[in-house]
Amino acid sequence: MEHEENGKNKPKISDMIRQSANQIGRRSRKEENMDKPGPEQKKAKKKGDPKKVWFIIGTIFLILVLTIGMFAGIFLIYVNKALKGNTEVNMAEYNLDVSTELYCKNADTGEWEMYQTLYGDKNRIWVSYDEIPDTVWKAAVSIEDKRFFDHHGVDWRRTTHAVFNMFFGMQDTFGGSTITQQLIKNITTDNETTVKRKVTEIYRALQFEKKYSKEEILEMYLNTIYLGQQCYGVKTAAKEYFNKSVSDLTLAESASLIAITNNPSLYCPTLSEECRQNNRDREVNILNAMLEQGRISQAEHDAAVNEDVVFTNGTTIMGNTAEVQAATEETTSASTANYSYFTDQVIDDVIRDLQTTFGYTPEMASNLVFQGGYKIYTTQNPKYQSIAENVFENTDYVGSTDSNGEQLQAGITVMDPYTGDVVALVGGTGTKDYDRSWNWATSARQCGSAIKPIATYAPALDKGTITTASVLDDYPVRVLNGSPWPYNSHAGFYGLTTVQTALTESLNTVAVRVNEMYGVHNSYEFMTQKLGFTTLSETDGQQSGNMGLGGLTEGVTTEEMAAGYSIFVNDGVYTTPRTYSKVEDANGNVILNNETKSNAAIKETTAYLMRGMLSSVITGGTGYNAYFSGMSMGGKTGTTDDDKDRYFV
């Protein structure tokens with residue numbers, strides 16, 4: 001290496017070899033021309049002069065020995081001067097991106113199950129060596145480095161062959177990398193095709209194997225190799241291609257998986273039929289190598305070769321015919337987004353809480369969520385979430401577009417009123433095309449009359465301002481701008497009306513009267529202090545039209561409304577809503593413990609009375625379209641001017 005760096009005119013090793021060969025050739029021709037050969041000389045020449053042959057062989061051998069010696073000398077000098085103490089690889093110094101795992105509890109078994117990974121550029125979930133089946137590492141060793149357990153980081157036989165190829169084949173290529181060398185290249189991202197880089201890599205590999213065991217190296221290698229589809233490591237790849245835990249892979253699946261790493265663009269089985277066939281061919285090559293090296297038996301080999309390998313996209317490689325069979329059912333993607341609306345909200349909530357708890361910047365918190373190897377335990381019920389998504393993706397129902405033909409949008413939050421757990425959340429209709437896109441479920445919108453039970457009737461009942469039997473006048477409260485205000489959504493006024501009827505029929509006049517009797521600002525304080533609303537403004541707390549009728553400055557979210565109405569089910573107790581329960585870091589330490597907080601918002605008797613009134617809204621009032629038999633239910637509708645927004649809780 002010093003020759004290349006310090007002297008442009010100094011001879012190269014390959015030039016020396018060619019110069020020596022030319023000298024030998026000139027000497028031979030000179031001797032031949034000294035005397036004109038006769039018939040006997042020609043005959044002797046055909047047989048060859050043994051002395052000349054051995055002279056040539058000896059010269060080449062000497063050059064070879066000198067070349068190897070020079071290479072070794074240069075290597076040792078370079079190691080001592082430039083590498084030793086400066087280039088060794090310590091895994092603790094490399095912060096590899098590790099995907100964050102999202103878990104939800106299986107409603108049937110009660111077990112936590114991973115349902116989603118979050119990642120930046122690299123989708124990687126670290127898996128320990130004990131969890132990796134023997135079939136996986138045996139496949140990798142057999143095809144990538146068959147003498148892995150015999151060398152100390154460098155396979156000198158392969159390296160020597162690579163050097164010969166470079167000097168005599170005149171090709172600047174190296175084919176001698178061991179698994180250890182490949183691992184170092186993966187984690188350092190040093191991919192230069194230079195002699196300097198190769199020498200550095202050899203030194204690093206020798207030092208690396210002094211520090212780490214073969215099992216540790218295999219674990220690191222199998223967690224860092226790229227396997228296509230943004231999958232780094234065998235765990236995410238097993239999920240991507242087979243929808244399995246890596247520990248459950250069969251021998252054939254293991255060979256198929258390891259086949260990808262040679263060139264994902266050629267061997268990724270879900271890209272195309274040609275790639276699947278390439279994958280199959282390499283899978284068989286790997287199985288043959290495993291058999292030849294004694295890592296599997298003949299029976300295991302034959303069974304794996306004949307096994308049908310089925311991929312997550314529905315295609316199958318038929319083991320007995322080696323043909324690629326298309327999916328039996330046409331598979332379509334319901335969405336081009338990776339994350340559901342629920343997952344979007346979990347991401348936002350965790351990023352917000354990391355900022356609040358640790359003072360992180362938004363960028364730092366976001367990087368940790370996507371690349372910190374966290375485990376986030378969500379409150380999602382996968383069964384309910386699936387039902388909600390299926391309903392909202394269907395846009396074939398009557399009235400799904402507005403007068404301009406534009407797709408109507410909607411959002412929903414489903415919450416457990418006792419625990420505060422948000423179990424399902426969808427923030428739009430139709431297919432979801434983008435990750436972390438606009439979310440109608442958690443964006444503030446006008447709720448109209450749906451605010452009446454929690455802003456007016458419940459706190460007024462609880463304070464004793466009214467009873468369910470109180471009679472008030474259904475008549476405009478005042479004249480505004482020359483017009484009676486407020487007016488009801490239906491024509492006319494009822495006159496003297498009970499509170500229960502007013503709520504059932506959603507009479508605006510009575511709601512405003514009750515709100516002003518209770519106190520507009522008291523209503524605002526009840527919602528913000530007792531029910532946790534954060535989207536209301538001080539202006540809302542000054543106008544009875546806002547607090548009594550839901551004509552708010554910004555609006556409210558479906559999550560806030562679901563939590564607010566939960567007091568009627570949970571005997572007056574309010575519980576803060578949450579989309580996740582805790583977050584663990586990569587070492588299993590709990591860094592966010594998202595415990596819910598509860599407080600008594602109204603008396604138990606008030607909650608009981610409100611349940612009765614809200615039930616009448618469903619059985620005979622404005623919410624009759626929501627009624628179905630077999631379940632006790634209550635709720636309240638809300639409609640804004642010109643039907644721009646419609647609400648139901």
Evaluation steps, side-chain contact (heavy atoms from CB on, under 4.5 Å), between Val350 and Tyr580: CA-CA 8 Å; Val350 174; Tyr580 75 95; 3.9 Å; yes
Is there a donor-acceptor contact under 3.5 Å from the side chain of Thr467 to the main chain of Ser470? yes
Residues Leu257 and Ala237: closest non-hydrogen pair is CD1-CB, 3.6 Å
Could you measure the distance from the CG atom of Leu614 to the CZ atom of Phe568? Nearest 0.5 Å is fine. 5.5 Å
Is the Tyr360 ring parallel, tilted or perpendicular to the Phe358 ring (thresholds 30°, 60°)? parallel
Can you find a heavy atom in the side chain of Leu102 that is under 4.5 Å from one in the side chain of Thr117? no
Can you see whether Asn106 engages Glu113 through a side-chain donor-acceptor pair at a distance of less than 3.5 angstrom? yes
Heavy-atom nearest pair, Tyr418 first then Thr575, reads O-OG1, 4.0 Å
Consider only side-chain N and O atoms of Thr442 and Gln345, and report whether a donor and an acceptor are under 3.5 Å apart. yes
Ring centre gap for Tyr627 and Tyr624 strictly below 6.0 Å: no
When rounded to the nearest 0.5 Å, the distance separating CG of Leu552 from CD1 of Ile451 is 4.5 Å
Any Leu549 side-chain heavy atom under 4.5 Å of Val512 side chain: yes
Any side-chain to backbone donor/acceptor pair from Ser615 onto Met633? Under 3.5 Å, distance only. yes
side-chain hydrogen bond (donor to acceptor under 3.5 Å, both in side chains) between Thr619 and Ser616, worked out: CA-CA 5 Å; Thr619 56; Ser616 68; 5.7 Å; no
Taken to the nearest 0.5 Å, the spacing of Glu560 CD from Thr528 OG1 works out to 10.5 Å
Drop me the distance from Glu393's CD to Lys432's NZ, to the nearest 0.5 angstrom. 10.5 Å
For Thr637, does its backbone N or O pair with a side-chain atom of Ser449 as donor and acceptor, under 3.5 Å? no
Is there a side-chain contact between Lys375 and Tyr103 in this structure, where contact means two heavy atoms from C-beta onward sitting under 4.5 Å apart? yes
Side chains of Thr558 and Tyr647: does their closest heavy-atom pair fall under 4.5 Å? yes
Between the side chains of Thr606 and Asp462, is a donor N or O closer than 3.5 angstrom to an acceptor N or O? yes
Would you say the ring centers of Phe242 and Phe311 fall short of 6.0 Å from each other? yes
Between Val423 and Tyr384, what is the shortest heavy-atom contact and its length? CG2-CD1, 3.7 Å
Is the closest side-chain donor-acceptor distance between Thr356 and Asp353 under 3.5 Å? no
Sidechain-backbone polar pair: Asp344 side chain, Arg436 backbone, donor-acceptor under 3.5 Å: yes
Just checking, Lys636 and Phe648: is the charged tip under 6.0 Å from the six-membered ring centre and within 45° of the axis? no
Sequence neighbours left out, what passes side chain to side chain contact (heavy atoms under 4.5 Å, CB included) with Thr639? Give chain and number order. Asp643, Arg646
Specify the closest pair of heavy atoms between Thr622 and Ser506, including all atoms of both residues, with the distance to one decimal. CG2-CB, 4.0 Å
Distance-minimising heavy-atom pair for Thr100 and Gly373: OG1-N, 3.9 Å
With a 4.5 Å heavy-atom cut-off, do Glu505 and Gln500 have their side chains touching? no
Neighbour count >12 (heavy atoms, 6.0 Å) for atom CD, Gln542: yes
Do you know which two heavy atoms are closest between Met527 and Ala455, and how far apart they sit? SD-CB, 3.4 Å
Hey, does Cys104 have a side-chain heavy atom less than 4.5 Å from the side chain of Tyr115? yes
Could you check whether atom CH2 of Trp438 has more than 12 heavy atoms from other residues, nucleotides or ligands sitting under 6.0 Å from it? no
Check whether the side chains of Ser581 and Asn594 place a donor and an acceptor atom closer than 3.5 Å, and report yes or no. no
Could you tell me whether Lys122 sits above the aromatic face of Tyr232, with NZ or CZ closer than 6.0 angstrom to the six-membered ring centre and within 45 degrees of the axis? yes
Keeping Asn123 on the side-chain end and Cys231 on the backbone end, is there a donor-acceptor pair under 3.5 Å? no
Is any side-chain heavy atom of Thr468 less than 4.5 Å from a side-chain heavy atom of Thr498? no
Is there a donor-acceptor pair under 3.5 Å between the side chain of Tyr241 and the backbone N or O of Leu227? yes
Return a table of donor-acceptor pairs under 3.5 angstrom between the side chains of residues 582-591 and protein atoms on other chains or two or more places apart.
{"from": "Glu584", "atom 1": "OE1", "to": "Tyr377", "atom 2": "OH", "distance (Å)": "3.4"}
{"from": "Asp585", "atom 1": "OD1", "to": "Asn587", "atom 2": "N", "distance (Å)": "2.9"}
{"from": "Asp585", "atom 1": "OD1", "to": "Gly588", "atom 2": "N", "distance (Å)": "3.1"}
{"from": "Asp585", "atom 1": "OD1", "to": "Asn589", "atom 2": "N", "distance (Å)": "2.9"}
{"from": "Asp585", "atom 1": "OD2", "to": "Asn589", "atom 2": "ND2", "distance (Å)": "3.3"}

I'd like to know whether CD of Glu604 has more than 12 heavy-atom contacts from other residues, nucleotides or ligands below 6.0 angstrom. no
Interatomic spacing from CZ in Phe526 to CD1 in Ile454 - rounded to 0.5 Å: 8.0 Å
Main-chain N/O of Asn515 paired to Ser544 side chain as donor or acceptor, under 3.5 Å: no
Check against salt bridge (Lys or Arg N to Asp or Glu O under 4.0 Å), Arg578 and Asp349: CA-CA 9 Å; Arg578 63 179 183 176; Asp349 289 347; over 6 Å; no
Under the salt bridge (Lys or Arg N to Asp or Glu O under 4.0 Å) test, which residues partner Lys383, sequence neighbours left out? Asp108
Under 3.5 Å, is there a donor-acceptor pair linking the side chains of Asn508 and Lys452? yes
Could you walk me through whether Glu516 and Arg478 pass salt bridge (Lys or Arg N to Asp or Glu O under 4.0 Å), step by step? CA-CA 12 Å; Glu516 293 184 349; Arg478 63 181 64 92; 2.9 Å; yes
How about Asn243 and Thr312: does a side-chain donor come under 3.5 Å of a side-chain acceptor? no
With rounding to the nearest 0.5 Å, note down the distance linking CD in Gln385 to CD in Gln380. 4.5 Å
Examine the side chains of Asp474 and Asn488 and answer whether a donor and an acceptor come within less than 3.5 Å of each other. yes
Below 4.5 Å, heavy atoms only, C-beta onward: do Ile466 and Leu461 meet side chain to side chain? yes
Keeping Asn546 on the side-chain end and Gly541 on the backbone end, is there a donor-acceptor pair under 3.5 Å? no
Distance alone, cut at 3.5 Å: any donor-acceptor contact between the side chains of Glu363 and Ser366? no
Please assess Arg611 against Asp571 for the test salt bridge (Lys or Arg N to Asp or Glu O under 4.0 Å), listing each intermediate value before the final yes or no. CA-CA 10 Å; Arg611 285 200 298 272; Asp571 293 333; 3.4 Å; yes
Given 3.5 Å as the limit, does a donor-acceptor pair link the side chain of Asp435 with the main chain of Tyr339, or not? yes
Quick one: does Ser386's side chain have a donor or acceptor within less than 3.5 Å of a partner on Pro382's backbone? no
